[in-house]
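Contents: one structure, followed by commentary.
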Amino acid sequence: MRRSSLVLFVFLFFLLGAANDQAPLAGYSRDSSRTERDWETKFRAIPTPANIREYNQRLSARPHHVGSPYDKDNAEWMLGQLKGWGLDAQIENFQVLFPTPKERVVELVAPTKFVAKLQEPPVAVDPTSNQQNEQLPTYNAYSIDGDVTAPLVYVNYGIPEDYDRLQRLGVSVKGAIVIARYGHSWRGIKPKVAAEHGAVGCIIYSDPREDGYFQDDVFPQGPMRPREGVQRGSVMDMPTYPGDPLTPGVGATANAKRLALKDVPTITKIPVLPISYGDAQPLLAALKGSMAPQEWRGSLPFPYRVGPGQAKVHLRVQSNWDLKTLYDVIVKIPGAQYPDEWVVRGNHHDAWVNGSQDPVSGTSPLLEEARGLADLLKQGWKPKRTIIYCIWDGEEPGLLGSTEWAEEHADELRQHAVMYVNTDSNDRGPLMALGSHSLEHFINGVTQDITDPEKNMPVAKRAYLFAIAHSKTEEERKRAREGSDFRIEALGSGSDYTVFIDHLGIASLNLAYCCEDQQGIYHSIYDDFYWYTHFADTDFVYGRALAQTVGTAVMRMADADLLPYNFSNFANTVHLYVDELQKLLKEKQEESVERDKELDEGVYEATSDPKHPTVAPPREDIPPHLNFAPLENALDMLTRSAERYEKDFTKAEQSGALASGGPPVEKVNQLLIQSERRLTDPNGLPHRPWFKHMIYAPGYYTGYGAKTIPGVREAIEQRQWQLADTEIVRVAKVLTDEAALIDSASAALEGIAPK
Ligand SMILES: [Zn+2]
């Protein structure tokens with residue numbers, strides 16, 4: 001043996017030795033960690049881009065919205081595939097309210113006449129864009145029926161601050177039809193806020209600035225929204241409650257008790273329709289009145305004005321208010337050791353039209369994961385916990401399939417569910433992870449073992465570096481660099497995790513590779529296989545990465561000896577949320593003081609242009625100081641408990657105590673399962689009791705974005721000081737309870753780990 005070979009040999013020996021001696025996975029004994037790593041490696045070799053491509057083409061071949069023939073056909077096809085792989089799969093049905101349009105009219109009736117087309121034309125190169133017989137017309141589901149003619153007012157994104165600005169411009173929307181552009185809020189917020197300000201109708205259009213030619217070439221030359229492209233979508237008041245509007249809080253089974261249509265609170269108060277920028281152009285161009293503020297202007301070729309003026313619009317919407325059947329496909333893999341602990345994984349299958357991107361780019365990797373797990377089962381893998389794969393129907397209209405299923409199985413889920421992992425569409429780019437902060441460390445561990453297809457580095461590392469690059473402030477950058485984990489953001493709403501995290505208090509994650517590709521086909525007929533294979537993850541390698549990521553997460557949670565939650569990241573992040581609340585209150589106080597000062601000084605009078613007069617803002621009370629002490633005390637307790645638990649967790653792992661497993665470890669797991677549930681309050685949030693999580697919720701006036709510590713935050717935003725005080729105490733209570741639960745888990749761990 002030559003000397004150089006000897007060196008190489010010793011080096012290789014060292015490398016192999018090191019690989020065998022990898023640190024155990026969090027929550028695993030040394031032995032079970034080695035076994036787990038072997039199974040996970042086998043699993044990750046199974047998914048192929050070719051299969052994911054094939055599923056995508058099949059599932060997106062025809063329009064498949066709720067109630068359509070191909071929606072049912074897809075569900076049955078997936079059921080057949082899953083059964084064919086040897087899995088125990090079934091379809092669960094629900095009967096839900098899902099309106100589809102009968103009549104839609106948008107027309108300018110003065111000063112000139114223009115009738116909106118409300119029609120997306122087929123594109124010659126795109127083979128599924130001409131399936132007009134099966135396409136749902138462009139509309140907003142759960143708009144109330146109505147027929148109104150009124151002056152038009154442009155309201156920018158139609159969110160509350162836009163109306164404050166309108167008030168300063170001296171413009172009222174009372175009795176008007178508003179036209180808002182898509183963006184900056186979930187779409188259902190726009191008609192809700194418009195109605196609260198007295199508008200009688202609402203039109204939502206896609207401005208080319210957001211997802212049209214301002215961004216890139218339009219379809220089919222490029223990925224962006226063409227002139228006649230329209231974003232369909234639900235306008236149900238989901239921040240009040242999602243799911244079937246007729247059966248809040250219970251599963252929409254055939255015999256469920258249903259609200260009368262007239263008593264449903266989540267249908268809009270005024271009629272609403274979405275339109276393309278082709279249709280919006282003549283309407284906006286007819287507006288007179290003040291110029292729209294600089295930031296309100298889009299990319300259409302005329303001066304943006306606010307109105308009103310002579311421009312008058314006729315808006316008419318009539319829907320079919322039938323019940324439709326949902327087809328949720330549910331797969332159960334029973335746990336060998338802890339069958340009563342469930343790991344739940346889901347993605348929806350229904351689309352607004354063909355939906356190759358939304359949702360099929362997520363549904364297809366899910367199928368490939370299921371095939372991979374089925375393969376492992378045949379090879380002898382026995383997951384410790386029960387795994388449930390769910391392919392939801394009816395996500396698009398209002399998270400119908402997931403909400404109804406979870407409401408129907410609420411008691412079991414509250415007892416058994418360990419984690420819910422959601423995906424909904426996938427593209428190219430770094431991993432975007434949102435979720436419960438107690439799972440932050442866990443998903444970091446998982447993604448250290450997944451290779452990014454473009455960068456050939458661990459997905460976790462790319463996400464960590466991406467966070468540094470995208471930090472907006474020095475403070476954010478510091479936080480991104482703190483520790484070795486990439487941070488995950490809180491969940492609001494916007495996909496099927498909502499019922500799990502917000503209503504039931506189940507630790508949840510939402511995962512996607514995302515955002516390198518621009519897209520302007522969202523909820524249009526152009527979101528199809530042609531578009532996806534030209535402008536997104538065209539070779540489906542990120543589809544494979546998604547299947548590998550989520551499959552590994554599911555396996556690792558299902559097989560752990562000790563559930564790998566980590567509360568230090570949680571405590572640390574909740575600290576940040578509380579700091580934000582205090583900062584918010586301080587800003588409100590400073591704003592009020594400054595405004596009063598300017599009113600006293602006569603600033604508003606002096607700056608109002610007599611030719612375009614503006615109105616001074618109203619005087620408001622200066623916000624009082626609030627007592628955050630209960631919250632801060634609870635946080636200190638939580639931080640101490642989390643630190644103690646982390647020490648005990650590490651000790652239990654290192655001492656070999658996990659290897660013996662048995663009742664003592666089971667007892668810790670039983671406590672841990674309830675840890676996210678502890679953060680819920682059975683009375684729910686003020687004014688919306690369906691939302692029970694005290695730390696995460698969608699904003700009442702933003703929709704999808706997360707509001708953290710929503711009860712307190714919204715009380716401050718809405719200047720309800722007494723309510724803010726009450727909410728602080730309620731949040732302090734759940735955090736104190738959480739700390740107590742974590743302490744019990746620590747005590748149980750200290751009992752089993754040798755001193
Ligand atoms: Zn979706």
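As the structure lists them, so they are numbered: ligands from 1, and atoms in each ligand from 1. The first residue in the sequence is number 1, and the count goes up from there. Every value quoted in this text rests on a predicted model; they were computed, and no experiment measured them.
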For the Zn ion (ligand 1), the closest N/O/S atom belonging to His348 |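 Per the distance ranking, His348 contributes NE2 as its closest N/O/S atom to the Zn ion (ligand 1).
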
Name of whichever N/O/S atom of Asp358 is nearest to the Zn ion (ligand 1) |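 The atom in question is OD1.
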
Starting from the C-alpha separation in whole Å, work towards a yes-or-no answer on side-chain hydrogen bond (donor to acceptor under 3.5 Å, both in side chains) for Thr240 and Thr266.
-> CA-CA 7 Å; Thr240 294; Thr266 55; over 6 Å; no

Rounded to the nearest 0.5 Å, what separation is found between the CG atom of Asp244 and the CD atom of Gln95?
->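 Interatomic distance, Asp244 CG to Gln95 CD, rounded to 0.5 Å: 9.5 Å.
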
Measure from the ring center of Tyr526 to the ring center of Phe535 and say whether it is less than 6.0 Å.
->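 When the ring centroids of Tyr526 and Phe535 are compared, they turn out to be at least 6.0 Å apart.
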
Please confirm whether His437 and Tyr696 have ring centers closer than 6.0 angstrom.
->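 Distance test on ring centres: under 6.0 Å, yes.
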
From the Zn ion (ligand 1) out to just under 2.8 Å, does an N/O/S atom of Glu395 turn up?
->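 False for Glu395.
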
